[in-house]
Amino acid sequence: MSDGGQRTGESLEKTWLLDRLRKLWEREDQIFLALTLIIGALTGLTVVAFILLTERMGMRLYPVGGAPWRRLLFPVVGSLGIGYLLFRYFPGARGSGVPQTKAALYAHDGRITLRTVLGKFFCTSATLASGIPLGREGPSVQVGAGIASVLGRALHLRPEKVKALVPVGAAAAIAAAFNTPLAAVMFALEEIVGDLHAPVLGSVVLASATSWGVLRLILGNSPLFKVPQYQLVNPVEFAIYAVLGLSAGLVSVVFAKLLLGMRERFLHFPRWTIWFQPVAGGLLVGLLGWFVPQVMGVGYGYVGLALNGNMTLRLMALLVVLKLITVTTSYASGNAGGIFGPALFIGAMLGGSVGTAAHHFFPAYTATPGAYALVGMGAAFAGIVRAPMTSVLMIFEMTQDYAVIVPLMIANLVSLFISSRFQKQALYEALAIQDGVHLPSAASLQRQVQRKVVRVMRAANSTLSAETTVREALELAISSESRTWIVTDGTGVVGVVNLSKLEQEVAEGDKKLGEVLNPLVFPHVHADQGLDLALERMGTNQIEMLPVVSRADVHKLEGIVTLHDVLDSYGVTRVNGA
């Protein structure tokens, strides 16, 4: 009886415990709040480890007074070894990390695997320590977001909650990497989410503060850059800061076009070459680093010298050019690392060059070159990353000086205008498209539509094969009621044709449909886009049907949306089959 009573008591205790756990689990908001604190702390610890690991590995590989051959050997060996690891074990760890984080948020339900997190951490650490001139901040964003994703999925949170954790981890990473918690919040909302009024604002702030607190607890309150206080000497300087913004905008355009152009070439090489493609970047860095050591690594030490006016005009101007070449080549060839740090470096050298020249010709009307180097950092960041508000907050937090705000806003505005005018597509968005991932643009994120494609889309019952000849397709079209067809091949949807297109092509020869279509550019919509956009694209292309494709893979056909369905959703009745 006593044994039976004991078992009964244990059973009741177990039932009570399970009941309490079930009730706790139903409080998903409380779990989310606690998880935010945990993510902030873990991300802070991880970024601190990232900083210490890269710095100590770099000191071992490049000791003070080390032989010049190290500058040639280690970038090549490092990029070769990391290239193999990225190809063989960690394919998700390539690139900067920011486009991949946005892709996880918008195309993969917030999913970032633990393997990718580990690969990003160790591969990027080795890459940066070997002297490749990329940054650690972008990779930190993916690592922080990955930690959030892994924890959220491990606790079996709903997909919506897992996705909401991604910007939380990203903000925590930036707060620790830059020692700028306010800028981290702004970046997560401005760049990752694309909405400054996002519901995750509170969680983002909490995680950012927690991560920043961990950084201060372990490494102290040392700022990333130690800069003197600046002041505006004369109002004429506003014009010079505008010129600096113009220069930063043009450099940003060159940076983006050079990076995207080279990366597109590397992507067209055979797949089996991917594992040793990063050597192109490592070899270039090694050769240039043999003669100009300052070109190696992210170079924050040299940024500090420029901010304090301790670098010559010739060296700063030279480093702008060399960094543009080495950074874009290293990134395009597939090395793991970000563009945050390089953007700040290039901006500092550009600003220092403009400031030195201005101070030489107008010493009584201009501040020291260091002030221009500081503003140049923000202007280049705004032009390359397209996050102007983050740039302003970041520079302010670094200096804690209000005097720099107005010159910085002027330079940022000009830089952003020039960059947007000559490079229409934001860099991160363009990089994602090269990977086959279509991220929502800022305009589409701001568009508030109630009618979505997903509500009226239907299955694609019939498609045309890309192997079908134009003549065969035309004969089929004439005998069919439909006037628009989706064309597919082994990879998925590759284009859309209508009757007029077929009539035009058949006059030029009986080719196959796949030969007259561009599989990279064709009219389509995504399931989360508005019907107004679908209607606009149908009108522009004179078609009555659009393929609905995945954001993660533009060739993956999820369904179709027809003109009839769109008009019906708006309550428009077609008369006499018109």
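Keep in mind it's a predicted model, so treat the numbers as computed, not measured.
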Chemist: I'd like to know whether CZ of Phe362 has more than 12 heavy-atom contacts from other residues, nucleotides or ligands below 6.0 angstrom.
Modeler: no
Chemist: I need the minimum non-hydrogen distance between Pro133 and Lys323, along with the two atoms involved.
Modeler: CB-NZ, 3.4 Å
Chemist: Would a distance-only check, ignoring hydrogens and angles, find a side-chain to backbone donor-acceptor pair under 3.5 Å from Thr356 to Pro369?
Modeler: no
Chemist: For Arg263, give me all partners under salt bridge (Lys or Arg N to Asp or Glu O under 4.0 Å), at least two apart in sequence or on another chain.
Modeler: Asp435
Chemist: Examine the side chains of Asn335 and Ser330 and answer whether a donor and an acceptor come within less than 3.5 Å of each other.
Modeler: no
Chemist: If every non-hydrogen atom of Pro63 is compared with every non-hydrogen atom of Arg70, which pair is closest and at what distance?
Modeler: CD-NH1, 3.8 Å
Chemist: Enumerate the residue pairs fulfilling ring pair (Phe, Tyr, Trp, His ring centres under 6.0 Å) with a member in residues 285-308, sequence neighbours excluded, ordered by first and then second residue.
Modeler: Phe225-Tyr300
Chemist: Could you grab the distance from atom CG of Leu37 to atom OG1 of Thr210, nearest 0.5 Å is fine?
Modeler: 5.0 Å
Chemist: Would you compute the distance between atom OG of Ser353 and atom CE of Met311 and round it to the nearest 0.5 angstrom?
Modeler: 8.5 Å
Chemist: Ignoring hydrogens and angles, tell me if any N or O in the side chain of Thr54 forms a donor-acceptor pair with the backbone of Ile51 under 3.5 Å.
Modeler: yes
Chemist: Are Val185 and Ile174 close enough that some pair of their side-chain heavy atoms sits under 4.5 Å apart?
Modeler: no
Chemist: With a 4.5 Å cut-off on side-chain heavy atoms, are Val233 and Thr366 touching?
Modeler: no
Chemist: Looking at side-chain heavy atoms only, is the closest gap between Ser252 and Gln423 below 4.5 Å?
Modeler: no
Chemist: Taking all atoms of both residues into account, what is the closest heavy-atom pair of Ile39 and Gly169, and its distance?
Modeler: CG2-CA, 3.9 Å
Chemist: Is a donor on one side and an acceptor on the other found under 3.5 Å between the side chain of Ser96 and the backbone of Gly338?
Modeler: no
Chemist: With ring pair (Phe, Tyr, Trp, His ring centres under 6.0 Å) as the rule and sequence neighbours excluded, what pairs involving residues 366-393 come up?
Modeler: Tyr241-Tyr372, Phe340-Phe381
Chemist: Between Ile339 and Phe255, is any pair of side-chain heavy atoms under 4.5 Å apart?
Modeler: yes
Chemist: Any luck finding a side-chain donor-acceptor pair between Glu190 and Thr390 under 3.5 Å?
Modeler: yes
Chemist: Could you give the distance from CD1 (Ile384) to OG (Ser415), rounded to the nearest 0.5 Å?
Modeler: 8.0 Å
Chemist: Treating Gln434 as the side-chain partner and Leu260 as the backbone partner, does any N or O pair qualify as donor plus acceptor under 3.5 Å?
Modeler: yes
Chemist: I'd like to check Ile405 versus Ile395 (side-chain heavy atoms, cut-off strictly below 4.5 Å). Are they in contact?
Modeler: no
Chemist: Where do Ala175 and Pro181 come nearest, in terms of heavy atoms and distance?
Modeler: CB-CA, 4.0 Å
Chemist: What heavy-atom pair brings Glu137 and Ala177 nearest, and what distance separates the two atoms?
Modeler: CG-CB, 3.9 Å
Chemist: What's the spacing between Met377 CE and Leu344 CG if we round to 0.5 Å?
Modeler: 4.5 Å
Chemist: For residues Leu315 and Thr312, determine if any side-chain heavy atom of one lies less than 4.5 Å from a side-chain heavy atom of the other.
Modeler: yes
Chemist: Do Arg551 and Asp528 make a side-chain contact, defined as non-hydrogen atoms from C-beta onward lying under 4.5 Å apart?
Modeler: yes
Chemist: Suppose the criterion is side chain to side chain donor-acceptor pair (under 3.5 Å): which pairs have a residue in residues 119-131, not counting sequence neighbours?
Modeler: Lys120-Gln142
Chemist: Between Thr328 and Leu259 (side chain of the first, backbone of the second, donor and acceptor by atom type, cut-off under 3.5 Å), is there such a pair?
Modeler: no
Chemist: Donor-acceptor pair, distance only, cut-off 3.5 Å: does the side chain of Asn412 make one with the backbone of Ala379?
Modeler: yes
Chemist: Hey, could you give me the OG1/OH distance between Thr101 and Tyr106, rounded to the nearest 0.5 Å?
Modeler: 11.5 Å
Chemist: Thr43 versus Val143: any side-chain heavy-atom pair under 4.5 Å?
Modeler: no
Chemist: To the closest 0.5 Å, what do you measure between CD1 (Ile274) and CG (Leu86)?
Modeler: 10.5 Å
Chemist: Main chain of His526, side chain of Gln529: is a donor-acceptor contact present, judged purely on distance under 3.5 Å?
Modeler: yes
Chemist: Please list, chain by chain and in numerical order, all residues satisfying salt bridge (Lys or Arg N to Asp or Glu O under 4.0 Å) with Glu191, sequence neighbours excluded.
Modeler: Lys102
Chemist: Between the side chain of Thr116 and the main-chain N/O of Ile112, is any donor-acceptor distance below 3.5 Å?
Modeler: no
Chemist: Could you tell me whether the side chain of Arg71 and the main chain of Gly286 form a donor-acceptor pair under 3.5 Å?
Modeler: no
Chemist: Quick one: list whatever passes side chain to side chain contact (heavy atoms under 4.5 Å, CB included) with Leu322, sequence neighbours left out.
Modeler: Leu288, Val292, Val295, Leu318
Chemist: Lys163 side chain to His108 main-chain N or O, any donor-acceptor pair under 3.5 Å?
Modeler: no
